Structures are given as structure tokens and as C-alpha cells.
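Okay, so here's the structure we're looking at.
Only this structure's heavy atoms are used, side chains among them; waters, hydrogens and symmetry mates stay out. No experiment lies behind these values; they were computed from the predicted model shown.
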Amino acid sequence: MKGRVGMKTYMAEITVETKNRLEIIDITSEVKSIVEKSGVRDGFVVIFEPHTTAAITINEDDPALFRDFLNVYTKIAPVDGAYEHNRKYAGIPGEQNAHAHIIASLIKPSVLVPVVNGKLLLGTWQRILFVELDGPRRRKVHVIIYY
């Protein structure tokens, strides 16, 4: 086997404060700041949120589009749907959130973005978005740069 045996990493964390049950927040500038602070020129960055009722995606930063996403998400998995998970945890505050688990599993908890010449290699309109599905909450997002 030839090639590099191990990669170096740079890790940081972003705190996201959400205000609504369902919300989309652009975290691109925070990720860019971490990449700049790392000094890494070339590699890739993984943006990972360790929560089962939130997600990370890449798309355009447009409040109208965010409303469209949230409308579609709640059509796929309505907040007040009749879910076994919610029945199982009936009477437990904060556990009526099966909709959030379902939507999060469709969107996923992470994205990978190349870093070239010290900059995120995103398309013209692409932004890194944190998707809250069971807020309001204080969430952590891990940013791991591999180089």
C-alpha cells in the first residue's frame, strides 16, 4: 500500500442558538472563519451536527426558500402526526418529536466541503445550512478539517 498513512486534522465547534421549533440558519461564515483560523490551504472540511433532531445541508441562503423547505418537510412528516415514537413517550416533555427524527434522517447530519487555497470550494449560491427540527435549542456543530 502506498501513499499517506495518516491525515492531520484541525477541529473546532460552533454553537447554534435556535429560536423556533423549525428553523434554518446559515452557518457558512462561521465555518469560513474556522478554515481561515486553521491556516489549512488544501484538504476538506466535515461539518457534523451530533443531534438526532437537526441536520446539515448545502443550499441557497434565501428566506423564501427556507420557508418552502420547512413547508415541504412538514408535509412529509407533520409536527402533529400520529407517530408511535410520540405515543411511546406520551407525557414526557420534549419527546413529541418523531417528525424531527424522520426529517433529520432524510437530510443527514453532515456535509463535506473541499478546501482549496485556504477557501471553501462552494458554488456561487451555495451556503452551509443548519436545520433545526425540534427547537428552540442550543446546538453544537463540529467542524473537522482534514489535510
Side-chain angles (χ1 to χ4, degrees), residues 1 4-38 40 43-116 119-147:
M1 182 189 248
R4 188 190 282 186
V5 175
M7 296 187 83
K8 296 180 183 176
T9 59
Y10 180 93
M11 298 182 356
E13 191 174 86
I14 298 168
T15 299
V16 179
E17 298 273 350
T18 64
K19 297 177 179 70
N20 301 300
R21 184 147 201 194
L22 300 166
E23 184 175 0
I24 299 174
I25 299 171
D26 183 345
I27 60 169
T28 309
S29 56
E30 290 90 341
V31 175
K32 282 182 178 180
S33 177
I34 290 168
V35 169
E36 289 169 7
K37 183 178 178 183
S38 76
V40 171
F44 57 92
V45 59
V46 174
I47 302 94
F48 173 78
E49 64 77 25
H51 309 284
T52 59
T53 58
I56 297 285
T57 192
I58 294 177
N59 216 297
E60 188 173 339
D61 181 7
D62 175 359
L65 186 59
F66 292 177
R67 288 189 295 277
D68 291 337
F69 280 144
L70 297 177
N71 285 332
V72 169
Y73 297 158
T74 57
K75 285 178 184 172
I76 292 169
V79 172
D80 59 354
Y83 303 106
E84 288 186 36
H85 173 83
N86 292 357
R87 282 193 295 278
K88 177 180 177 182
Y89 295 104
I92 300 174
E95 289 300 325
Q96 302 304 299
N97 59 2
H99 72 282
H101 291 285
I102 293 165
I103 298 165
S105 73
L106 297 173
I107 302 170
K108 300 301 178 200
S110 65
V111 295
L112 182 138
V113 179
V115 175
V116 177
K119 303 215 181 293
L120 295 173
L121 189 61
L122 291 169
T124 301
W125 301 108
Q126 287 185 319
R127 307 293 288 177
I128 301 163
L129 306 173
F130 178 86
V131 183
E132 174 63 73
L133 300 164
D134 193 33
R137 294 182 186 233
R138 173 180 284 178
R139 304 285 198 163
K140 298 292 182 190
V141 176
H142 301 285
V143 178
I144 306 123
I145 304 168
Y146 295 89
Y147 62 101

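- Across all non-hydrogen atoms, the minimal contact from Asp134 to Gly94 is OD2-O, 3.9 Å.
- Between the side chain of Gln126 and the backbone N or O of Gly123 there is at least one donor-acceptor pair closer than 3.5 Å.
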Go through Leu129 and Ile56 one step at a time and tell me if the side chain to side chain contact (heavy atoms under 4.5 Å, CB included) criterion holds.
-> CA-CA 6 Å; Leu129 306 173; Ile56 297 285; over 6 Å; no
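- Gly91 and Gln96 get closest at one heavy-atom pair: N-NE2, 4.3 Å.
- Nearest heavy atom pair, residue Ala98 against residue Asn86, reads N-OD1, 3.1 Å.
- If you take OH on Tyr83 and CD1 on Ile102, they are separated by 4.5 Å, rounding to the nearest 0.5 Å.
- Considering all non-hydrogen atoms of both residues, Ile25 and Thr18 come closest at CD1-CG2, 3.8 Å.
- Ser33 places no side-chain N or O within 3.5 Å of a backbone atom of Ser29 that could act as its donor or acceptor partner.
- Formation of a donor-acceptor pair under 3.5 Å by the Glu60 side chain with backbone atoms of Asp62 is not found in this model.
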After noting the C-alpha distance and the side-chain angles of Val141 and Ile47, does the key distance pass the side chain to side chain contact (heavy atoms under 4.5 Å, CB included) rule?
-> CA-CA 7 Å; Val141 176; Ile47 302 94; 3.5 Å; yes
Let me see the working for Phe130 and Thr57 under side chain to side chain contact (heavy atoms under 4.5 Å, CB included), right down to the final yes or no.
-> CA-CA 7 Å; Phe130 178 86; Thr57 192; over 6 Å; no
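- The shortest non-hydrogen separation linking Val46 to Ser110 is CG1-CB, 4.3 Å.
- Ring geometry for His101 versus His85: interplanar angle over 60°, hence perpendicular rather than tilted (30 to 60°).
- Across all their heavy atoms, Thr28 and Ile128 have their closest contact at OG1-N, 2.6 Å.
- Taking OG1 from Thr53 and CD1 from Ile103, the interatomic distance works out to 10.5 Å, rounded to the nearest 0.5 Å.
- The distance from atom CD1 of Ile24 to atom CZ of Phe69, rounded to the nearest 0.5 Å, is 6.0 Å.
- Counting only distance, with no hydrogens or angles, the side chain of Glu23 and the backbone of Asn20 share a donor-acceptor pair below 3.5 Å.
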Check against side chain to side chain contact (heavy atoms under 4.5 Å, CB included), Leu70 and Thr74 = CA-CA 6 Å; Leu70 297 177; Thr74 57; 5.6 Å; no
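- Around the CZ atom of Arg138, the shell of radius 6.0 Å holds no more than 12 heavy atoms that belong to other residues, nucleotides or ligands.
- In this structure, Met11 and Val143 have side chains that are not in contact, with every pair of non-hydrogen atoms separated by 4.5 Å or more.
- Atom CZ of Phe44 has more than 12 neighbouring heavy atoms from other residues, nucleotides or ligands inside a 6.0 Å radius.
- Residues passing the ring pair (Phe, Tyr, Trp, His ring centres under 6.0 Å) test with Phe48: none are found, sequence neighbours excluded.
- Sorted by first and then second residue, the pairs that involve residues 119-133 and meet salt bridge (charged side-chain N to carboxylate O under 4.0 Å, His left out), not counting sequence neighbours, are Asp26-Arg127, Glu132-Arg139.
- Between Val35 and Ile145, the closest side-chain pair of non-hydrogen atoms falls below 4.5 Å.
- Lys140 pairs by the side chain to side chain donor-acceptor pair (under 3.5 Å) definition with Thr15, not counting sequence neighbours.
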